[in-house]
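Note sheet for the following structure.
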Amino acid sequence: MPLVTTTELFKKAYDGGYAIGAFNVNNMEIVQGITEAAKELEAPLILQVSKGARAYANHTYLIKLVEAAVIETGLPICLHLDHGDSFETCKSCIDGGFTSVMIDASSKPFAENVEITKKVVAYAHDRGVVVEAELGTLAGIEDEVKVSAEESSYTHPEEVEEFVTKTGCDSLAIAIGTSHGAFKFKPGTKPQLRFDVLEEVSRRLPGFPIVLHGSSSVPQELVSKINKFGGNMPGAIGVPEDQLRHAASLSVCKINIDSDLRLAMTATVREYFAEHPADFDPRQYLKPARQAIKELVAHKIVDVLGCDHKAF
Ligand code: G3H
Ligand code: 13P
Ligand code: ZN
């Protein structure tokens, strides 16, 4: 099976009340850990590559790793550009074999976001590639922001119909309280996503796939393990998994997870070196790290996304 777009994946996810995991990939062990879990659970997958990943690992290496995963698993896999920052970055990925791109112009004024997204959509659709766009900014609500400023960073539901109609984008990332990284909420506060915003967006865009970025749940056992073995990550808090599961049962069809993979890999490598201080063979410490990613992704697929056994 060749790489797929998200069109069919999202239609089935929307109708079935589940979401597809979009996991960031940066090297072979990460690709293998994610795809081995998905293969065992027959889960559809989105593997996403950021600008930073392309700078780190090189476009060609990443695309060949993902192609290898398609051959090894036989799964429907979409290769997606995460947070494309310009038309040129999107064009380079479209020309280079990606089946989906995100144009992230959410920090620009509405009209400018529409213009750049429209341009990417025209280029992508002519070549059979789908486009994710974003409205609203994922401000860290851990910041010392005033309520009004915090409020203004959420997606404004009254803008979504005009945005989707004018741009022709295929999916929309919205801001309902998630944020990137491991420090998403103030320690001591109760994390709560804005389901009222999600529901109003969905009411205005019936059947349209919604995307959540910044959706790592930052498992406390991983943070504790990192700190036990020499790390220092005070106050790391993520999005509660039950809230993600609820979002997946609504219109959210794509849930982005990167930080949790990093935590799993780092905790495992730190533990390995604490127990084997004399080792220096990368295969010895990357093997358990790859296994930790596999276990984490299996848990996400079954307990958070609900997309196990939905590949075929
Ligand atoms: O949303 C950002 C992703 O976690 C990718 O992060 O730009 O460091 O590769 P990165
Ligand atoms: P996390 O930092 O919560 O994993 O979010 C990843 C993401 O949104 C990638 O685009
Ligand atoms: Zn993101």
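Counting convention: from 1, in listed order, for ligands and their atoms alike. In this text the structure is predicted, and so the values were computed from the model without any measurement.
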Query raised in the report: Do Val239 and Lys184 have side chains that get closer than 4.5 Å, going by heavy atoms?
Result: yes

Query raised in the report: Under 4.5 Å between any side-chain heavy atoms of Phe87 and Lys91, yes or no?
Result: yes

Query raised in the report: Any chain of hydrophobic side-chain contacts (each under 4.5 Å) joining Val120 to Val130?
Result: no

Requested in this report: Side-chain contact test, heavy atoms from C-beta onward, threshold under 4.5 Å: evaluate it for Thr6 versus Pro209 and give yes or no.
Outcome: no

**Report entry** Phe98 ring center near His59 ring center (under 6.0 Å)
**Finding:** yes

**Report entry** Heteroatom distance test (His83, ligand 1): nitrogen or oxygen, under 3.5 angstrom
**Finding:** yes

**Report entry** Atoms of ligand 1, numbered as shown, that sit under 4.0 Å from any heavy atom of Asn24
**Finding:** 3 (C), 5 (C)

Requested in this report: Identify whether Tyr14 and Val4 are in the same connected component of the hydrophobic contact network (ILVMFWY, side-chain heavy atoms under 4.5 Å).
Outcome: no

Report summary line: min-distance protein heavy atom vs atom 9 (O) of ligand 1 -> Ser50 OG, 2.6 Å

Report task. Considering only non-hydrogen protein atoms, determine which one is nearest to atom 1 (O) of ligand 1 and report residue, atom name and distance to 0.1 Å. Result -> His180 CD2, 3.0 Å

Query raised in the report: Is NZ or CZ of Arg270 both nearer than 6.0 Å to the six-membered ring centre of Phe273 and within 45° of the ring axis?
Result: no

Query raised in the report: Do Asp258 and ligand 1 have an N or O pair less than 3.5 Å apart?
Result: yes

Query raised in the report: Around the Zn ion (ligand 3), what protein N, O or S atoms are found below 2.8 Å?
Result: His83 NE2, His180 NE2, His213 ND1

Query raised in the report: Counting only heavy atoms, which portion of Asp82 has something under 4.0 Å from ligand 1: side chain, backbone, both, or neither?
Result: side chain

Query raised in the report: Are any side-chain N or O atoms of Thr155 and backbone N or O atoms of Pro157, one a donor and one an acceptor, separated by less than 3.5 Å?
Result: no

Requested in this report: Check whether more than 12 heavy atoms from other residues, nucleotides or ligands sit under 6.0 Å from atom CZ of Phe195, and answer yes or no.
Outcome: yes

Which N or O atoms of ligand 2 sit under 3.5 Å from a protein N or O, and how far apart is each pair?
from: ligand 2; atom 1: 2 (O); to: Gly181; atom 2: N; distance (Å): 2.9
from: ligand 2; atom 1: 2 (O); to: Ser259; atom 2: OG; distance (Å): 2.7
from: ligand 2; atom 1: 3 (O); to: Lys184; atom 2: NZ; distance (Å): 2.5
from: ligand 2; atom 1: 3 (O); to: Ser215; atom 2: N; distance (Å): 3.1
from: ligand 2; atom 1: 3 (O); to: Ser216; atom 2: N; distance (Å): 3.0
from: ligand 2; atom 1: 4 (O); to: Ser216; atom 2: OG; distance (Å): 2.6
from: ligand 2; atom 1: 4 (O); to: Asp258; atom 2: N; distance (Å): 2.7
from: ligand 2; atom 1: 4 (O); to: Ser259; atom 2: N; distance (Å): 2.7
from: ligand 2; atom 1: 5 (O); to: Gly214; atom 2: N; distance (Å): 3.3
from: ligand 2; atom 1: 8 (O); to: His180; atom 2: NE2; distance (Å): 3.1
from: ligand 2; atom 1: 8 (O); to: His213; atom 2: ND1; distance (Å): 3.4
from: ligand 2; atom 1: 8 (O); to: Gly214; atom 2: N; distance (Å): 2.8
from: ligand 2; atom 1: 10 (O); to: Asp82; atom 2: OD1; distance (Å): 2.9
from: ligand 2; atom 1: 10 (O); to: Asp82; atom 2: OD2; distance (Å): 2.7
from: ligand 2; atom 1: 10 (O); to: His83; atom 2: NE2; distance (Å): 3.2
from: ligand 2; atom 1: 10 (O); to: His213; atom 2: ND1; distance (Å): 3.1
from: ligand 2; atom 1: 10 (O); to: Asn256; atom 2: ND2; distance (Å): 3.1

Query - Heavy-atom check, side chain of Leu198 versus side chain of Leu193, under 4.5 Å - result: no

Query raised in the report: Gln192 versus Phe185: any side-chain heavy-atom pair under 4.5 Å?
Result: no

Query raised in the report: What protein heavy atom is closest to atom 8 (O) of ligand 1, reported as residue, atom name and distance in Å?
Result: Arg262 NH2, 3.1 Å

Requested in this report: Ignoring hydrogens and angles, tell me if any N or O in the side chain of Gln220 forms a donor-acceptor pair with the backbone of Val218 under 3.5 Å.
Outcome: yes

